[in-house]
A.B. asks: 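This is the structure I have questions about; it appears just below.
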Protein chains: 2
Amino acid sequence: MQCKTARPHPSRHGRLAKRRALGSESPWTEKRRQSTGSVASVKSRVTAQHVADKAGVSRSAVSRCFGDGLVSDDTRKRIEAAAEALGYRPNAIARSLTGRSTGLVALLLAEMENPHVDLVLKKLLLAIAEADKRALVIPETPRQDVTESTMHALDYQVDAIIVVGGTVSDRVVGQLRALDTPVFQFGRQLDGLGGVACDSHLGGLLGGQFLIRSGRRRIAYMTKASQTDSNQRRRAGLAAALDAAGLPLLEEHSEENSFEGGYNAATRLFARLERPDALFCFNDMFALGALQAAAAFRLRVPEDVAILGFDDIPMAAWPAFGLSSLRPNLDAQVARLMAMIAEVCDGAPPRRTVDLVVPELVIRRTAC
Amino acid sequence: MQCKTARPHPSRHGRLAKRRALGSESPWTEKRRQSTGSVASVKSRVTAQHVADKAGVSRSAVSRCFGDGLVSDDTRKRIEAAAEALGYRPNAIARSLTGRSTGLVALLLAEMENPHVDLVLKKLLLAIAEADKRALVIPETPRQDVTESTMHALDYQVDAIIVVGGTVSDRVVGQLRALDTPVFQFGRQLDGLGGVACDSHLGGLLGGQFLIRSGRRRIAYMTKASQTDSNQRRRAGLAAALDAAGLPLLEEHSEENSFEGGYNAATRLFARLERPDALFCFNDMFALGALQAAAAFRLRVPEDVAILGFDDIPMAAWPAFGLSSLRPNLDAQVARLMAMIAEVCDGAPPRRTVDLVVPELVIRRTAC
DNA sequence: CTGAAAGCGCTTACAG
DNA sequence: CTGAAAGCGCTTACAG
């Protein structure tokens with residue numbers, strides 16, 4: 001699908017000629033007359049020159065008025081009146097060409113399955129809008145991986161790139177590091193790339209200590225089989241807590257990181273001869289699946305088995321579940337990330353380190 | 001947060017002078033030397049002129065090679081080799097300035113609470129990427145409503161605007177209609193604005209007929225208090241079915257369109273002297289809350305009360321719920337919408353009508 | 001098929 | 001404080 005604008009190519013007379021042709025006539029009127037019928041009308045085609053003509057000043061003055069603002073009160077007033085009347089807004093695209101920023105921040109979505117990502121995406125979108133920037137959101141598709149997405153983002157001269165979730169290979173990280181455009185990661189801790197993440201190791205540790213304190217002795221870590229970064233860290237944190245208490249680390253894997261995956265993995269765990277008395281799940285969806293499996297086995301939660309999740313997705317708080325979980329403190333993460341982006345926009349070199357945000361243990365019914 | 005590029009303003013010699021200065025030297029080398037230290041390096045700054053110099057052709061040739069393609073095999077080969085070596089990609093921003101499209105599609109998110117919207121957003125993002133366009137996603141914030149978001153989208157000369165969800169007033173629709181840029185609505189049926197939507201009236205009718213057929217006689221419609229378009233249509237469809245069967249339409253409202261809202265509204269319904277034997281809920285989240293309320297009242301579902309949702313969100317299929325629902329057939333909606341966008345990109349006038357997609361009744365445990 | 005030139009809408013030193 | 005001019009990186013009639 002190649003998009004071409006419907007309007008005919010503009011005639012070739014120079015700026016001066018055009019100014020004369022326009023006179024003091026409103027560009028709207030002119031546009032209507034030229035209209036080909038299909039693309040109807042108006043607005044966006046008003047340019048700084050139109051405003052300048054109407055206000056009786058130069059294009060430069062109009063530009064300054066909407067830019068650094070070095071204009072006299074009188075001209076400012078005239079320009080603003082003209083702009084208002086014409087409905088003029090500077091063309092962000094053209095503006096960015098002169099060396100200013102585009103005001104665009106690319107969001108590379110490498111993973112979209114987990115509802116946690118939905119929340120992250122929403123918060124980032126809001127934060128970007130609040131920072132008066134626009135989000136260019138590029139999902140990873142079957143045909144386009146992170147590298148490809150990055151290229152697309154670069155084509156639009158974005159001010160910064162945020163990689164959200166997903167498995168980004170070291171090779172790709174190397175490429176990203178070398179870019180002119182600052183790249184940040186959200187929710188991962190890959191070396192050499194700045195960003196923010198929940199302190200997964202600490203989360204694993206806190207969760208483990210809590211389960212131990214509440215009297216659990218046979219604690220199992222449930223996760224999908226893949227070796228993502230945050231997965232390993234959570235596991236390591238839990239292992240450290242168990243190790244300190246002289247307890248073993250049980251484990252069970254599943255292929256998919258989902259409700260069904262959690263259901264299946266927990267089912268296998270519950271079928272073991274020595275059933276675990278606590279499940280520490282890689283994330284909340286997994287935990288909810290496990291919860292469902294416990295019900296199928298007629299196990300009481302938390303009496304027979306405690307279940308602890310990670311992410312504290314909104315559903316965890318639902319009365320139907322009351323899932324205990326570790327809250328990654330998304331708002332703090334988003335705020336830190338936006339601060340980093342503000343820094344590079346102010347000309348600072350991009351950070352190369354990941355800010356870890358401390359997760360909070362949220363205790364509800366499934367583990368207490 | 002105003003972004004300024006860190007690099008110093010380029011010196012003022014004209015193109016010819018610059019060409020000479022560059023010679024056949026790679027732009028990369030030059031860039032490294034100029035580097036201020038902060039913004040490190042490389043890539044994106046390679047321009048068509050660099051490629052032209054390296055390939056020994058004109059800028060025009062390079063442009064054609066990446067554009068309509070009217071170049072000889074020989075020059076094409078040389079240009080492609082040079083571009084490859086330099087890592088050149090055309091600057092999409094600059095390219096769009098000449099009258100071509102920006103390749104940008106704006107997604108105006110007027111509502112982000114419902115998980116259904118998450119799914120819509122994901123599907124639209126994927127579809128836009130597949131159509132080889134980029135999504136500019138602009139959420140409605142406390143400070144910026146749809147009108148403001150539209151202005152921002154227009155600043156970037158997007159090819160089309162998609163308004164997703166939310167309450168868009170008639171006044172705003174008027175404004176949107178008048179735009180040069182084609183605007184489409186997703187999931188609503190406001191007059192005068194093209195788009196796609198689930199046939200809510202038909203959904204209400206189908207759901208009502210189904211409940212009646214399964215023997216229900218006291219059927220209540222549960223919804224948030226607001227009078228959104230789709231809400232009214234679903235209600236009207238249900239009312240039509242009930243009317244035809246000579247049954248009354250019970251009703252209960254809630255302020256928020258959420259799990260808690262559904263829980264509260266259902267609680268009030270169950271507390272009535274004459275308890276309804278079926279709940280038709282505005283959406284699945286509402287229905288899940290109602291399901292929870294039924295459990296609290298120790299009502300058997302579906303024996304004592306049938307519960308029917310709308311949207312068929314992924315959770316509806318979870319074994320924990322088994323929620324019967326109406327599936328809006330999102331893929332068909334997205335496909336239709338993208339086809340409309342492709343049309344206007346090919347120069348056709350934007351449609352002014354809404355394509356209705358037939359919802360499908362998905363029967364699970366809560367109503368059967 | 002190809003290059004020189006003008007133009008897209010804006011900004012920014014420069015010289016008043 | 002202000003305007004004329006050059007430039008951002010690209011495309012597109014135009015004239016070879």
Side-chain angles (χ1 to χ4, degrees), chain A residues 4-5 7-19 27 44-53 55-79 88-103 155-157, chain B residues 4-5 7-19 27 44-53 55-79 88-103 155-157:
Chain A
K4 289 183 184 123
T5 43
R7 79 201 149 96
H9 192 259
S11 57
R12 305 299 297 321
H13 41 235
R15 249 171 201 139
L16 232 51
K18 197 199 280 176
R19 283 180 73 165
S44 58
R45 213 99 286 166
V46 182
T47 119
Q49 187 61 256
H50 294 299
V51 177
D53 292 344
V57 297
S58 73
R59 222 161 66 234
S60 322
V62 175
S63 175
R64 283 191 207 98
C65 183
F66 283 87
D68 51 17
L70 295 174
V71 275
S72 70
D73 276 8
D74 179 52
T75 40
R76 147 149 287 132
K77 229 162 263 161
R78 292 225 307 288
I79 291 172
Y88 170 73
R89 303 193 110 219
N91 177 334
I93 296 279
R95 168 175 277 190
S96 74
L97 209 57
T98 321
R100 293 179 87 80
S101 82
T102 52
D155 288 348
Y156 286 89
Q157 312 284 110
Chain B
K4 286 179 184 127
T5 43
R7 79 201 149 97
H9 191 259
S11 55
R12 304 302 294 322
H13 40 237
R15 247 169 203 143
L16 231 52
K18 195 199 281 177
R19 283 181 72 165
S44 56
R45 212 103 285 165
V46 182
T47 118
Q49 187 62 255
H50 294 300
V51 177
D53 291 345
V57 297
S58 73
R59 223 161 67 234
S60 322
V62 175
S63 173
R64 282 190 208 100
C65 183
F66 283 87
D68 52 15
L70 295 174
V71 274
S72 70
D73 276 7
D74 178 51
T75 40
R76 147 150 287 134
K77 231 163 261 164
R78 292 224 308 286
I79 291 173
Y88 171 74
R89 305 193 110 219
N91 176 334
I93 296 280
R95 169 176 276 189
S96 73
L97 209 57
T98 321
R100 292 178 89 79
S101 82
T102 53
D155 288 348
Y156 285 89
Q157 314 282 112

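Quick note on labels: first sequence line is chain A, next is B, and so on, each numbered from 1. Because the structure is predicted, anything quoted here is derived from the model rather than measured. Worth knowing before you read on, the calculation uses all heavy atoms, side chains too, and leaves out hydrogens, waters and symmetry mates.
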A.B. asks: Between C1' on C:dC10 and CG on A:Asp53, what's the gap in Å once rounded to a whole number?
C.D. replies: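 Result: 15 Å.
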A.B. asks: Can you tell me how far P of D:dC1 sits from CZ of A:Arg78, to the nearest Å?
C.D. replies: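 The answer, rounded to whole Å, is 15 Å.
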A.B. asks: Under 4.0 angstrom, heavy atoms only, what part of the nucleic acid is B:Ser96 near: base, sugar-phosphate, or nothing?
C.D. replies: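 It contacts nothing in the nucleic acid.
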A.B. asks: Give a yes/no answer on whether the side chain of B:Ser72 brings an N or O atom under 4.0 Å of OP1 or OP2 in C:dC1.
C.D. replies: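 No, B:Ser72 has no side-chain N/O under 4.0 Å of OP1/OP2 on C:dC1.
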A.B. asks: Please check: side-chain N/O of B:Arg59 versus main-chain N/O of B:Ala52, any donor-acceptor pairing under 3.5 Å?
C.D. replies: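 Not at all, since once roles are kept as given, no pair shorter than 3.5 Å links the two residues.
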A.B. asks: Round to a whole Å and report the spacing from CG of B:Asp73 to C1' of C:dC1.
C.D. replies: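 Between C1' of C:dC1 and CG of B:Asp73: 11 Å.
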A.B. asks: Kindly determine whether B:Val51 and B:Ile79 satisfy side chain to side chain contact (heavy atoms under 4.5 Å, CB included), including the steps that lead there.
C.D. replies: CA-CA 7 Å; B:Val51 177; B:Ile79 291 173; 4.1 Å; yes
A.B. asks: Step by step, work out the side chain to side chain contact (heavy atoms under 4.5 Å, CB included) result for A:Ile93 and B:Leu97.
C.D. replies: CA-CA 7 Å; A:Ile93 296 279; B:Leu97 209 57; 4.1 Å; yes
A.B. asks: Of all the choices, D:dG3, C:dG9, D:dC10, which nucleotide is nearest to the side chain of A:Val57 once you look at every atom?
C.D. replies: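 Of all the options, the side chain of A:Val57 is nearest to D:dG3.
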A.B. asks: Crowded around B:Asp68 CG? As in, over 12 foreign heavy atoms under 6.0 Å?
C.D. replies: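 Buried by this count: over 12 neighbours within 6.0 Å.
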A.B. asks: Can you find a side chain N or O atom of B:Ser60 that sits less than 4.0 Å from OP1 or OP2 on D:dT11?
C.D. replies: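 So the side chain of B:Ser60 is outside the cut-off, no N or O lying under 4.0 Å from OP1 or OP2 of D:dT11.
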A.B. asks: Taking only side-chain nitrogens and oxygens of A:Ser63, does any of them come within less than 4.0 Å of OP1 or OP2 of C:dT11?
C.D. replies: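 Affirmative; the distance criterion is met.
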A.B. asks: Considering only NZ, NE, NH1 and NH2 on the basic side and carboxylate oxygens on the acidic side, decide whether A:Arg78 and A:Asp74 come within less than 4.0 Å.
C.D. replies: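 Answer for the salt bridge query: yes.
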A.B. asks: Please pick, from D:dT2, D:dG7, D:dG9, the nucleotide with the shortest atom-to-atom distance to any side-chain atom of A:Arg64.
C.D. replies: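 The answer is D:dT2, which lies nearest to the side chain.
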A.B. asks: Rounding to a whole Å, what distance do you find between B:Leu97:CG and C:dC8:P?
C.D. replies: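 To the nearest whole Å, that distance equals 9 Å.
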A.B. asks: Looking only at side-chain atoms of A:Ala48, point me to the closest of C:dC10, D:dC10, D:dT2.
C.D. replies: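 From the listed options, C:dC10 comes nearest.
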A.B. asks: Please report, rounded to the nearest Å, how far the P atom of D:dC1 is from the CG atom of A:Leu70.
C.D. replies: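 Atom-to-atom, A:Leu70 to D:dC1, this comes out as 7 Å.
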A.B. asks: Take atom CZ of A:Arg76 and atom P of D:dC1, then tell me their distance rounded to the nearest Å.
C.D. replies: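 Answer to the nearest Å: 11 Å.
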A.B. asks: Between B:Thr47 and B:Tyr88, what is the shortest heavy-atom contact and its length?
C.D. replies: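 Closest approach of B:Thr47 to B:Tyr88, heavy atoms only: C-CE1, 3.5 Å.
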A.B. asks: Under 3.5 Å, side chain of A:Thr102 to main-chain N/O of A:Gln157, donor-acceptor pair present?
C.D. replies: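 At least one qualifying donor-acceptor pair exists.
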A.B. asks: Using a cut-off of less than 4.0 Å, is there contact between a side-chain N or O of A:Tyr156 and OP1 or OP2 of D:dG9?
C.D. replies: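 Negative; the distance criterion is not met.
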A.B. asks: Among D:dC10, C:dA4, C:dC10, find the nucleotide with the atom closest to the side chain of B:Ser58.
C.D. replies: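 So the side chain of B:Ser58 is nearest to C:dA4.
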A.B. asks: What is the separation between atom NE2 on A:His50 and atom C1' on C:dC8, rounded to the nearest whole Å?
C.D. replies: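 Roughly 12 Å, once rounded to whole Å.
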A.B. asks: Quick one: B:Arg45 CZ to D:dC10 P, roughly how many Å, whole number?
C.D. replies: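 Rounded to the whole Å, the gap is 11 Å.
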A.B. asks: Which of the following nucleotides, C:dC10, D:dC8, D:dT11, is nearest to the side chain of A:Arg59?
C.D. replies: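 Out of C:dC10, D:dC8, D:dT11, the nucleotide with an atom closest to A:Arg59's side chain is C:dC10.
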A.B. asks: For DNA chain D, which ranges pair as stems of 3 or more consecutive Watson-Crick or G-U pairs, with both donor-acceptor distances under 3.5 Å?
C.D. replies: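 Expected stems, ordered by start: C:1-3 with D:14-16, C:5-12 with D:5-12, C:14-16 with D:1-3.
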A.B. asks: When rounded to the nearest 0.5 angstrom, what is the spacing between OG in B:Ser72 and NZ in B:Lys77?
C.D. replies: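 Between B:Ser72 OG and B:Lys77 NZ, I get 9.5 Å after rounding to 0.5 Å.
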A.B. asks: Does B:Gly56 or B:Ala94 map to a spot on DNA chain C nearer the 5' end, using the closest nucleotide for each?
C.D. replies: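 Of the two residues, B:Gly56 wins.
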A.B. asks: For C:dG16 versus C:dT12, give the span between their C1' atoms, rounded off to a whole number of Å.
C.D. replies: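 The same atom, C1', in both gives a distance of 16 Å.
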